[in-house]
Amino acid sequence: MPSLSQLRAFVAVAEHLHFRDAAAAIGMSQPALSGAVSALEDALGVQLLERTTRKVLLSAAGERLAARARTVLEAVGDFMEQAEAARAPFTGVLRLGVIPTVAPYLLPTVLRLVHDSYPDLDLQVHEEQTSQLLDGLAQGRLDLLLLAMPLGAPGVTELPLFDEDFVLVMPKDHWLGGRGDIPRDALKTLDLLLLDEGHCLRDQALDICREVGRTEGARGTTSAAGLSTLVQLVAGGLGVTLLPRTAVPVETGRSAELTTGYFSHPAPSRRIGLAMRTGAARAEEFRAFADALRGALKPLPVRFAC
């Protein structure tokens with residue numbers, strides 16, 4: 001097979017049609033250049049150049065193959081640039097998967113962090129439910145996930161970011177409105193509105209209900225596809241719901257018909273973190289990103305995980 005040095009020598013001669021000038025252009029001695037071109041001709045079994053005492057000409061085959069050789073060298077150069085970029089952290093594409101109950105509230109901070117600290121990072125965001133995100137991570141469609149945990153998924157490494165309390169959201173005239181000492185067992189009898197099946201926040205809410213002894217028959221029959229709709233149902237007087245604390249300013253600020261209440265310590269909570277494939281090539285980069293994200297999220301009313 002031809003070597004890259006042989007191809008470079010041939011392309012230099014094809015461009016300059018002069019051995020001395022070609023040798024100077026690529027930093028080779030003239031004898032080494034001439035030898036490389038001759039070796040390429042021997043390897044291919046094709047005469048590439050017509051040599052005279054006064055000038056160098058390309059043969060018909062040489063003209064065709066010179067164009068191909070340039071394409072090969074350009075492709076190799078691009079290959080090396082991509083490899084160099086891969087060695088540099090926070091460059092290239094990062095495909096981030098986010099669950100719907102996190103995306104509207106944390107993405108502004110994530111996007112600001114990437115814009116300010118990692119300008120060479122091409123962040124691509126995909127909002128999906130947890131099961132779809134885990135499938136995408138396993139299949140290589142996604143690189144990193146931002147979601148609720150623990151996941152307990154095989155082949156996945158979790159990088160906890162923070163814990164946040166759940167807040168009870170109610171119609172403004174609700175008897176629990178404004179309280180900061182709501183007992184968990186108040187959930188036994190409240191008309192609790194939930195997200196649709198498939199949302200991890202629904203499962204977390206049901207887990208909390210089971211912990212306080214809420215019966216199956218007491219579960220609310222009304223559900224919604226997203227938190228915004230859920231909160232509007234509460235504003236309409238259909239019941240109450242649980243919101244993660246990071247979502248409260250956004251969702252309750254849309255209606256004057258809502259009020260909030262906080263649970264007694266220890267309040268029910270959820271953990272948010274990043275997840276990556278175990279053994280991911282960019283593991284150290286993702287760990288550094290998690291550290292930076294914790295710092296960026298400090299203004300939020302959350303408790304940071306170690």
Side-chain angles (χ1 to χ4, degrees), residues 90 92-119 121-153 155-167 194-205 224-231 241-251 269-278 280 282-283 285-305:
F90 302 110
V93 175
L94 174 58
R95 298 163 298 180
L96 177 68
V98 191
I99 56 174
T101 58
V102 163
Y105 321 114
L106 299 190
L107 273 183
T109 302
V110 173
L111 296 176
R112 220 168 21 246
L113 172 65
V114 171
H115 179 270
D116 294 344
S117 301
Y118 312 117
L121 188 64
D122 180 9
L123 182 67
Q124 299 177 2
V125 177
H126 302 263
E127 184 184 71
E128 299 170 12
Q129 292 185 5
T130 299
S131 59
Q132 296 169 304
L133 293 181
L134 288 173
D135 287 343
L137 189 69
Q139 295 166 10
R141 179 173 59 84
L142 299 172
D143 303 310
L144 192 64
L145 309 181
L146 178 58
L147 71 179
M149 49 187 55
L151 299 167
V156 175
T157 296
E158 300 178 15
L159 306 174
L161 293 174
F162 62 83
D163 297 321
E164 63 175 329
D165 292 341
F166 284 107
V167 176
L194 301 171
L195 287 173
D196 290 340
E197 294 282 352
H199 289 277
C200 61
L201 187 57
R202 174 191 174 91
D203 297 333
Q204 291 161 348
L227 288 183
S228 296
T229 302
L230 201 62
V231 170
T241 195
L242 294 171
L243 281 189
R245 194 162 180 181
T246 53
V248 171
V250 174
E251 299 301 344
S269 64
R270 71 172 182 175
R271 172 162 289 189
I272 299 298
L274 295 172
M276 63 180 177
R277 286 183 296 276
T278 300
R282 302 169 71 182
E285 179 182 341
F286 294 158
R287 293 183 190 279
F289 185 74
D291 289 339
L293 188 53
R294 290 188 194 99
L297 294 169
K298 281 184 178 178
L300 297 182
V302 297
R303 300 181 302 280
F304 288 93

Nearest-0.5 Å distance, [atom1] of residue [X] to [atom2] of residue [Y]:
X      : Y      : atom1 : atom2 : value
Leu195 : Leu242 : CG    : CG    : 10.0 Å
Leu113 : His115 : CG    : NE2   : 11.5 Å
Ile99  : Leu146 : CD1   : CG    : 7.5 Å
Leu293 : Thr109 : CG    : OG1   : 7.5 Å
Lys298 : Leu300 : NZ    : CG    : 12.5 Å
Phe289 : Arg282 : CZ    : CZ    : 10.0 Å

Which heavy atom of [X] sits nearest a heavy atom of [Y], and at what distance?
X      : Y      : result
Pro244 : Thr101 : CG-O, 4.5 Å
Phe286 : Leu274 : O-CD1, 4.4 Å
Tyr118 : Ala292 : OH-CB, 3.3 Å
Leu123 : Leu111 : CD2-CD2, 3.6 Å
Pro301 : Arg245 : CB-NE, 3.7 Å
Glu127 : Ala103 : OE2-CB, 3.1 Å

Any heavy-atom pair between the side chains of [Y] and [X] that's under 4.5 Å?
X      : Y      : result
Glu164 : Val248 : no
Tyr105 : Ile272 : no
Val156 : Met149 : no
Arg294 : Phe162 : no

Report task. Show your reasoning for whether side-chain contact (heavy atoms from CB on, under 4.5 Å) applies to Thr130 and Leu151. Result -> CA-CA 9 Å; Thr130 299; Leu151 299 167; 4.2 Å; yes

Has [X] got a side-chain atom pairing as donor or acceptor with [Y]'s backbone, closer than 3.5 angstrom?
X      : Y      : value
Arg277 : Leu137 : yes
Glu128 : Gly97  : no
Arg141 : Arg95  : no
Glu158 : Gly152 : yes

Report task. Please lay out, stage by stage, how Leu161 and Val302 fare under the test side-chain contact (heavy atoms from CB on, under 4.5 Å). Result -> CA-CA 10 Å; Leu161 293 174; Val302 297; over 6 Å; no

Query raised in the report: Excluding sequence neighbours, so at least two apart, what forms side chain to side chain donor-acceptor pair (under 3.5 Å) with Gln204?
Result: none

